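Read the structure below first, then the notes.
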Amino acid sequence: MRIAAAQLPAIDDSDDKIATTDHAVIMLDGASAFVPVPVPASAYADHLAERLRLSLTRVPDADLTATLAEAIRETADHFDLAAGESPSSTVTIARETGDHLDLLLLGDNLAILPGEIITDDRMDQLDLAPRTKYRQRLAAGSGYDEEHRRLLRELQDQQAQCRNRVDGYWIAEADPAAAAQAITARRSRSATPWLVLATDGAYNTMHHLALDDWSALANADSGQLHAVLSHCHRWEADDDPQAQALPRAKRHDDKSLASIMLTDR
């Protein structure tokens, strides 16, 4: 695998994490917390990413679902976390094994392959009124006022009631059983010469600005990927600072991209 990656934090320390092995790329997006949690999302995502990296380095062909379950369990034990009261993170794993590419997605990162996009959109499918309302207000020009912040707190409270349960959505948090609900896929190497992984903070703005020529981005180096993310960041700051054109919870979200070429062996 030829791997290039770039990250751009929203402010300082990013809640996005990328880890790699010789045969796998792991991308996490720790969930920003607008309500108190016992451990920062960045610390949780960092530890979880490292556990996954170590496991897939030791056993490259391990079952991805079982590997994620054990990594969640160990991370929850490390931080003494309780389900429903903890930080959370998306998890995406892309792994080359034999003649195949294996994918696992838990949460709304995106895996873009030739001819298809794979994501876990179960949280976005929830019909939660605060999410609809804050987007409508932003589109109408309200900006990031106190009512917006109140709606985000209310939204996270409602999301917490739906987290890791049937008819809700599934995410890495403190319950290892969530791993069994991950979306998994296998594609042949011959039909998948490349793929791009993206967190939603990168994808949403890139898509809005038509910076989504994925086959070209798959061939980009880290500097070129970073330039794309910087372009998105500048547009958010200069052209849409109040999120009227592209309603979003924050002016800037952490942004991560990884391009992967499955090279001939």
Side-chain angles (χ1 to χ4, degrees), residues 1-10 12-32 39-79 81 87-97 101-112 118-120 171-174 176 178-179 182-185 194-203 217-218 220-223 225-226 229 253-263:
M1 300 174 76
R2 183 197 67 79
I3 303 165
Q7 296 184 273
L8 188 64
D12 295 314
D13 185 28
S14 177
D15 294 336
D16 287 2
K17 308 295 174 182
I18 297 176
T20 63
T21 73
D22 289 343
H23 301 282
V25 179
I26 302 155
M27 179 176 285
L28 279 69
D29 179 359
S32 299
V39 175
S42 178
Y44 173 86
D46 193 54
H47 193 275
L48 182 60
E50 180 62 9
R51 296 309 308 174
L52 289 166
R53 186 191 70 80
L54 290 172
S55 293
L56 292 175
T57 298
R58 287 195 299 261
V59 187
D61 60 349
D63 180 84
L64 294 182
T65 300
T67 299
L68 176 57
E70 178 58 21
I72 292 172
R73 184 200 64 74
E74 197 281 334
T75 301
D77 288 348
H78 176 79
F79 290 114
L81 300 175
S88 61
S89 178
T90 67
V91 178
T92 297
I93 303 172
R95 179 186 61 189
E96 177 190 29
T97 176
L101 173 73
D102 291 326
L103 293 167
L104 177 147
L105 295 96
L106 188 64
D108 59 0
N109 295 345
L110 300 103
I112 303 100
I118 303 174
T119 190
D120 176 0
I171 202 80
E173 191 226 30
I183 292 172
T184 58
W194 59 264
L195 69 153
V196 178
L197 303 183
T199 56
D200 65 337
Y203 178 88
L217 288 165
D221 60 27
S222 295
L225 294 178
H226 193 273
L229 298 183
D253 197 358
D254 298 329
K255 299 174 177 64
S256 295
L257 286 173
S259 65
I260 304 163
M261 297 295 294
L262 299 184
T263 56

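The model shown is predicted, which means the values in this text are computed figures rather than measured ones.
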Arg95 side-chain N/O to Leu104 backbone N/O, donor-acceptor pair under 3.5 Å: no
Between the OG atom in Ser222 and the CD atom in Gln7, the distance rounded to the nearest 0.5 Å is 10.5 Å
query: So do His226 and Leu8 actually touch side chain to side chain, heavy atoms under 4.5 Å?
result: yes
Side-chain donor-acceptor distances from residues 17-25 under 3.5 Å, at least two apart:
from: Lys17; atom 1: NZ; to: Ser14; atom 2: O; distance (Å): 3.0
from: Lys17; atom 1: NZ; to: Ser42; atom 2: OG; distance (Å): 2.9
from: Thr21; atom 1: OG1; to: His23; atom 2: N; distance (Å): 3.1
from: Thr21; atom 1: OG1; to: Ala24; atom 2: N; distance (Å): 3.0

In this structure, CD1 of Ile72 is separated from CD of Glu74 (nearest 0.5 Å) by 11.5 Å
Test your reading of the model: is there a side-chain donor-acceptor pair from Asp15 to the backbone of Ala31, 3.5 Å cut-off?
no
In this structure, OG of Ser259 is separated from CD1 of Ile3 (nearest 0.5 Å) by 9.0 Å
Hits for salt bridge (Lys or Arg N to Asp or Glu O under 4.0 Å) against Asp108, two or more places apart or cross-chain, chain-then-number order -> none
CG (Leu195) and CD (Glu96) are apart, to the nearest 0.5 Å, by 10.5 Å
For Asp120, the salt bridge (Lys or Arg N to Asp or Glu O under 4.0 Å) test, sequence neighbours excluded, returns Arg122
Here the pair of heavy atoms bringing Pro87 nearest to Leu81 is CD-CD2, 4.1 Å
field: Asp102 and Thr97: side chain donor to acceptor below 3.5 Å
entry: no
Under 3.5 Å side-chain donor-acceptor pair for Asn109 and Thr90: yes
Closest non-hydrogen contact found for Ile171 with Ser89 is CG1-O, 3.3 Å
Side-chain touch Thr119/Tyr203, heavy atoms, less than 4.5 angstrom: no
Handout entry: Stepwise side-chain contact (heavy atoms from CB on, under 4.5 Å) test for Met1 and Leu262
Key = CA-CA 5 Å; Met1 300 174 76; Leu262 299 184; 3.9 Å; yes
Between Ala178 and Leu106 the two heavy atoms that sit nearest each other are O-CD1, 3.8 Å
The salt bridge (Lys or Arg N to Asp or Glu O under 4.0 Å) partners of Arg73 (sequence neighbours excluded) come to Glu70, Asp77
Nearest heavy-atom contact between Ile26 and Ala49 is CD1-O, 4.4 Å
Rounded to the nearest 0.5 angstrom, the OG1-CG distance for Thr75 and Leu52 is 7.5 Å
Minimal heavy-atom distance between Ala220 and Ala4, with the atoms involved, is O-CB, 3.5 Å
Closest non-hydrogen contact found for Leu48 with Ala172 is CD2-CB, 3.8 Å
**Message:** Taking Thr199's backbone N and O only, do any of them form a donor-acceptor pair with Ser256's side chain (distance below 3.5 Å, no angle check)?
**Reply:** no
Taken in chain and number order and not counting sequence neighbours, the residues that satisfy ring-ring contact (aromatic ring centres under 6.0 Å, His included) with His47 are His78, Phe79
Asp200 meets the side chain to side chain donor-acceptor pair (under 3.5 Å) criterion, sequence neighbours left out, with none
In this structure, CG of Leu110 is separated from CG of Leu197 (nearest 0.5 Å) by 9.5 Å
Side-chain donor or acceptor of Tyr44 paired with backbone N/O of Glu173 under 3.5 Å: yes
| request: With the side chain counted from C-beta on, respond yes when Leu64 and Thr184 share a heavy-atom pair under 4.5 Å apart, and no when they do not. | output: no
